[in-house]
Structure formats: C-alpha cells, structure tokens
Amino acid sequence: MSQEETEGERLAELAKRRGYFFGASGAYGGAAGFYTFGPQGASLKSNVEDAWRERFTVQEGNFEVEAPTIMPEPVFEASGHLDGFDDMLVECPQCGESHRADHLIEDETGIEEAETLPIPEVEDLIEEHEIQCPACGAHLAGEPVDDFNLMFETNIGPGSSTPGYLRPETAQGIFVEFPRIKEYARNSLPFGVTQIGRAYRNEISPRKSIVRTREFTQAELEQFVDPERDEPDLESVKDVEVTLYPATEQEQDDGGYVETTVGAAVEEGIVGDAWVGYFLGVAQEWYERIGVDMDRFRFRQHLPGERAHYAADCWDAESEVDGDWIEIAGFAYRGDYDLSKHDEYGDDEFTIFRQFDEPKEVEEAVVEPDMSVLGPEFGGAAGDVKAALEDLAERDPSAFEGDVVEVEVDGETHEVDADVANFRIEERTVSGEHITPHVIEPSFGVDRTVYTLLAHAYERDEVDGEARSFLSLSPEVAPTDVGVFPLVSNVERLVERAEGIVDDLRTAGFSVVYDDSGSIGRRYRRQDEVGTPFCVTVDRDGLEGDGPDTVTIRERDTARQVRVPVSDLVDELRAVESGDRPFDDLVDAYELVAPGADG
Ligand SMILES: Nc1ncnc2c1ncn2[C@@H]1O[C@H](COP(=O)(O)OP(=O)(O)OP(=O)(O)O)[C@@H](O)[C@H]1O
C-alpha cells in the first residue's frame, strides 16, 4: 500500500510545480534555508502583506516605517541580541551535521518546549535517550551542546573595523528610531508603529520548507503605551471567540484548552494584559478573514522559561499543519525593556513627556556655591567640587544640615562651609514628567502565514466524476483574481472578446490570467489548483443570443457557473470578490448554466 503523502510533502510538491515557492539558487546547489517565491507565491505573499497593512497599520491608525536590514553592533549590544539570541547547537561527531539540540529532544522524547531546559539537562537527555544524528545515525551522547548566536554578522564599509548585523527581527529598526518617530506622533501616547520587512536568522537547522528559513519576512507592530493611563479599545473585540492554551494548563500537562471570548479572558486574568488581549482579538479576526482554518488555530501562552529575554508575557498564535502546531505570530508584552536599553546605551531620549492633570508644586534642592571662595580654595578641582555639591543636594539634602558639608571628588573628601555651599529648598511648579513607554508587540511571520494558508486551503473533491484538487484561498489573498478564457482558441471573435474583457478587468484593478490552451476543463483545473476564485468564459452562446452579449462566471469552490451580461461583469465580479455579494445571489439573479460541473 502506498503511503499517503503528508500535508507538507503535498504542499512542497504543489508549491514547486505551480510556482508558489522553491529552494533558491538551485543552479548552484542552493543553500539551506533560502527560498524564492515564484509568481503565484510572490503574489499571495504580497496580498497577505497588504491585508496585514490594511488591518494593523491603516485601521489602527498607526505609522509605517521602513528601516535598514543591517544595523551597527551597538544596537544589538543594547537590545540584548548579541548576548542572548542563542539556540542550542549539537554537532554530529561523524558527519559534522549541525542540529538544534532542543528539537532533537522534542522529536525523540515528546518533551515540549525543550528550549526552556538548561544545557546540562539537555546533554543528559541526549545520553539517556540515546539520541542519534538524524542525518547519519551516529550516537550524539557525550557531544557538547553549545549556545549558538543566530545573527548573521557582516562588516560595514571596507576593512573589518565596523561590525554590523543583519537584523534578526524588524522590531529594533522601530525602537532605535523612537526619538524621531515620537515627534510624528506629537509626543503623545499611545501610538503604534509598524514595519513589514526581511529578518535574518542563521538557523541551526532550517526545516519544513518555508516554516524555518534563514531569511524571512516579518510584519511587526510596536504599540507604545503609557502603562498607567492608556487602555485599548477592548470593547471592539470583547466578543471575539478564541481558543487559549494558558501556561498553567500546559504545566499541569492536562492539555486543557480554554474556549472563551477575549473580553472574558482579560476579565478573568487568563490573559494578563488588556493590550495583549486586544491584539489577540484583532489577530483572530484577521486570520479568519484571510482564510486560516479556525479549527486548526489557537493561542498558546509561553512557559516562563520559554520567553525571549525581553518579554514579560507572551502568547503565540499557532496553526496546525500535519498534526504539528507551528508558531505563526507572537504577542509579547515587552514592558519598557527595549526603550530603557536604548536610552541607556544610545545618545538620544527614548522617553515621552507625560503631562500631569494639574501642574504640581514640587520642592527642589538648590545649591549655588560661592565660586569666589571655592576657586582659591580648590584650584582646578573647584568645578568638580561644585558638581559634587549639586549631586549631593539632589541625592541627600540632609547632608547640608550641619555647618560643614563633606563631598568626595576623585576619592578625596573635601569640606565646604555650609554658608559657601549656599544650599536652599525652592518651590517649583512642574507640568509633567518623563516616562519610558511600555511596548506591546504583535509580531507576525508572513512566510509561515503563507504556508498555513496554502495548507488549510488545500481541498479535494469530484467534479463531473473526476477527482480534482483545489486551493480554496480567500479572494483577498488569492494570487490571481480572475481567469479569462475563450471557450475555444480558433474562433477569432471569442478570442477578441476575451482579450477585451481582460483589458477591462485589468483597468478595473483585477489581477487577471488569460488562458486559451488546452481543453476548458484543464484550464479550470489549472486555476483551481492555484486558487483563482473566479473564471470567466466567453462562448458562442454568449455572443449569438438575441439579447445583450453574455459570458459565464464560474465559482472555484462549487464549480457552479452563471451566465451574466458582459455589461454587468465588472460590477458583479467586484461584488463577489469583495464578499459584498455571495455567489448564491448571482445564482438567484442569473441563469445557472452549470450546477457544480464544468460541462
Ligand atoms: N526562521 C524563521 N523562518 C520563518 N519565520 C520565522 C522564523 N523565525 C521566526 N519567524 C516568524 O517570526 C515570528 C516572530 O518571531 P519570534 O522571535 O517570536 O519567533 P521565535 O519564537 O524565535 O520562533 P521559533 O521559536 O519558531 O524559532 C514568528 O512567529 C514566526 O512567524
């Protein structure tokens, strides 16, 4: 009995044959972890990006930026990636193949999230379970497991003096520009900044085609908020139903999901932060809109040891393919980690001025030392003594209570007369204070979204007694909107009319494929396989009737066809494409010429 192909294998085959994606640089043997999106794939991917932009940038009223993909080393020193962005590497002593030690453990033992385990424990588990190299079968027991930094390093400019790194996430490009971007937000919170772009990770073992690659596309939103004042618009998503898999359930190992609504999840504290809850709701609706199968989708909270170095809490959106759950997006509460770090390491202000409701009277310690006395007494050190007095006044005003004040300069203690120090407390009115915004980050993997859409859209049925496979992609993301065919290619009138329709549809903004080769059934099948939602066919009946000229519109998923006047074609296609009008409406309004068949 031949073994049933896995979903992943089928997808890889279809992707290659139909031009969705394939290993890059094949003529030179390729390099693992790099993919080229072919014509169908590039179009699907950019439609996903457009849909994301529409929801997370436009609808949210956010700012989109485009930062460089290479940044200098100090950025990643500050962000923590230089020190902390590691995976566990184990090398095979026999064939030299590199493996992610945590993944080997997960595959061989069933332990989940092995990346949370300390290295010695991982080494013990490799020994205990006699784990072998998946490439050559050699035993890995006793081999050292090392931390391997995933960033690609490069040199900026000639020579090697200025190291740079290809960004491992798009987020840092937003954080480092915060001092500029906040000006566009008129220095007032909350505001969100988005970016869609490439990220690079030198993954130890890229796998599952475009699921784990070394160069991929992220769509990220950094939501900057005042943690004490800003609230999300939870009302707008409170009834959205979600499947949650909280850390507590995972730790108890009882595999319990919670089916609830976003509103209830936040209220009951299952999702600890309202902003995170809000974005889970928005994401749930967005994934559904673009065609992710919601029965194969869930949110899973990170276990404490699993969180990234910056995250206080994190939920992943996961989709199921081939029985495995794949992380397709992360929703992290990053607190003030990133902006504080850049404030500390960088030369700019990564804070926002928060206005008080009412101006406040504050007491301020002031020292105005008499330099005509300090000068002669301390010579060149007089300036330092003054600075030390000012610093002391701020830290410890009580030090000025006696007749003499002691300050330390370069390890030496100096005494200054209290009269000369001239210390006093002054009342001042202040209108606000500087705060470091907190960040909530929804981070989407575009490639993994594309992979999920293809896997979830794949369907098989029978049309006219013949098996067919088709991609039931939503019209919003499908690579091609409409296929246009003359029924036969050797009748000039049909060809001319079909070509005219192609022009009209393209002018109206549709992406159109024209095809006149092979039987009409084959042409429908080709479009079915790449997920084109509608096909328009020009036949003799349509041009030779008594009334106005007509063509047929065929719906991909049901293979039903209706006959529509050419003059209505653009409007009707636009209505069914956008979802404003169900195809059933067309079936009611026009003549049904093929009830689920391609005859
Ligand atoms: N190597 C990769 N190839 C493709 N997409 C990726 C890769 N790494 C991360 N992503 C995408 O970017 C998103 C955000 O990145 P994040 O840092 O949260 O991933 P991650 O937790 O490191 O992923 P993983 O645990 O799978 O390595 C992920 O949800 C995923 O969709």
Side-chain angles (χ1 to χ4, degrees), residues 21 23-24 31-35 37 41 45 48-49 52 56 76 79-81 84-89 99-103 106-107 112-117 148-152 166-174 194-222 276 279-280 283 286-287 292 297-303 305-319 321 324-334 337-338 439-453 455:
F21 54 82
F34 294 93
Y35 280 83
F37 283 89
K45 180 167 173 283
V48 169
E49 290 168 10
W52 191 89
F56 291 90
F76 298 110
S79 72
H81 285 91
F85 199 59
D86 303 322
D87 276 344
M88 284 184 242
L89 167 71
H99 304 288
R100 251 183 87 165
D102 52 327
H103 284 172
E106 286 167 12
D107 293 348
E112 284 180 25
E113 313 307 335
E115 65 178 312
T116 60
L117 303 173
F148 173 75
N149 193 291
L150 297 186
M151 284 199 294
F152 282 102
L166 278 70
R167 63 183 182 193
E169 55 174 15
T170 63
Q172 293 309 319
I174 294 176
T194 62
Q195 178 164 221
I196 300 176
R198 295 284 184 159
Y200 301 83
R201 296 182 189 178
N202 200 3
E203 296 281 356
I204 292 169
S205 77
R207 56 181 188 174
K208 281 200 196 144
S209 81
I210 57 170
V211 170
R212 185 171 303 285
T213 57
R214 290 180 165 141
E215 173 172 351
F216 54 97
T217 301
Q218 289 186 318
E220 296 196 294
L221 158 59
E222 308 303 327
V276 171
F279 287 121
L280 296 188
W286 182 76
Y287 279 123
V292 171
F297 178 84
R298 71 180 187 192
F299 292 108
R300 188 182 66 80
Q301 188 179 26
H302 279 200
L303 298 169
E306 188 188 346
R307 285 179 213 137
H309 56 273
Y310 49 72
D313 188 16
C314 187
W315 288 79
D316 286 343
E318 297 187 329
S319 68
V321 177
D324 287 336
W325 289 96
I326 305 169
E327 171 192 337
I328 55 176
F331 301 80
Y333 191 90
R334 294 176 80 128
Y337 178 86
D338 303 276
V439 172
I440 299 88
E441 176 194 75
S443 167
F444 290 66
V446 176
D447 311 73
R448 290 184 188 182
T449 306
V450 166
Y451 187 83
T452 300
L453 290 178

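Both counts, for ligands and for their atoms, begin at 1 and track the order of listing.
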Per-atom contacts, ligand 1 versus Ala329 - under 4.0 Å to a heavy atom: 29 (O)
Residues forming a side chain to side chain contact (heavy atoms under 4.5 Å, CB included) with Asp87, sequence neighbours excluded: Arg100, Leu150, Glu203, Ile204
Contact partition for Thr213 relative to ligand 1, non-hydrogen atoms under 4.0 Å: both
For ligand 1, the portion of Glu203 having any non-hydrogen atom under 4.0 Å away: side chain
Main-chain N/O of Asp102 paired to Glu115 side chain as donor or acceptor, under 3.5 Å: no
Ring center gap for Phe331 and Tyr333 short of 6.0 angstrom: no
From CA spacing to verdict: side chain to side chain contact (heavy atoms under 4.5 Å, CB included), Asp86, Phe148: CA-CA 5 Å; Asp86 303 322; Phe148 173 75; 5.8 Å; no
For residues 444-453, tabulate all N or O donor-acceptor pairs below 3.5 Å that involve a side-chain atom, not counting sequence neighbours.
from: Asp447; atom 1: OD1; to: Thr217; atom 2: N; distance (Å): 2.7
from: Arg448; atom 1: NE; to: Val211; atom 2: O; distance (Å): 2.5
from: Arg448; atom 1: NH1; to: Glu327; atom 2: O; distance (Å): 2.9
from: Arg448; atom 1: NH2; to: Val211; atom 2: O; distance (Å): 3.0
from: Thr449; atom 1: OG1; to: Gly445; atom 2: O; distance (Å): 2.6
from: Thr452; atom 1: OG1; to: Ser319; atom 2: OG; distance (Å): 2.9
from: Thr452; atom 1: OG1; to: Arg448; atom 2: O; distance (Å): 2.8

Within-shell test, Ile328 vs ligand 1, heavy atom, strictly < 4.0 Å: yes
Glu327 N/O to ligand 1 N/O under 3.5 Å: yes
Atom 10 (N) of ligand 1 - nearest protein heavy atom and its distance: Phe216 CE1, 3.4 Å
NZ/NE/NH1/NH2 to OD/OE distance under 4.0 Å, Arg167 and Glu220: no
Contact partition for Arg201 relative to ligand 1, non-hydrogen atoms under 4.0 Å: side chain
Backbone N/O of Glu318 and side chain of Asp316: donor-acceptor pair under 3.5 Å: no
N-O pairing of Glu113 and Arg300 below 4.0 Å: yes
For ligand 1, the portion of Arg448 having any non-hydrogen atom under 4.0 Å away: side chain
Proximity of Gln218 to ligand 1 by residue part, where a heavy atom lies under 4.0 Å: side chain
Trace of the salt bridge (Lys or Arg N to Asp or Glu O under 4.0 Å) decision for Arg207 with Asp324: CA-CA 13 Å; Arg207 56 181 188 174; Asp324 287 336; over 6 Å; no
Identity and separation of the nearest protein heavy atom to atom 11 (C) of ligand 1: Gly445 CA, 3.7 Å
4.0 Å heavy-atom contact, Val211 with ligand 1: yes
Closest protein heavy atom (residue, atom, distance) for atom 26 (O) of ligand 1: Arg212 NH2, 2.9 Å
Protein contact of atom 14 (C) of ligand 1 - nearest heavy atom, named by residue and atom, plus distance: Ser443 OG, 3.1 Å
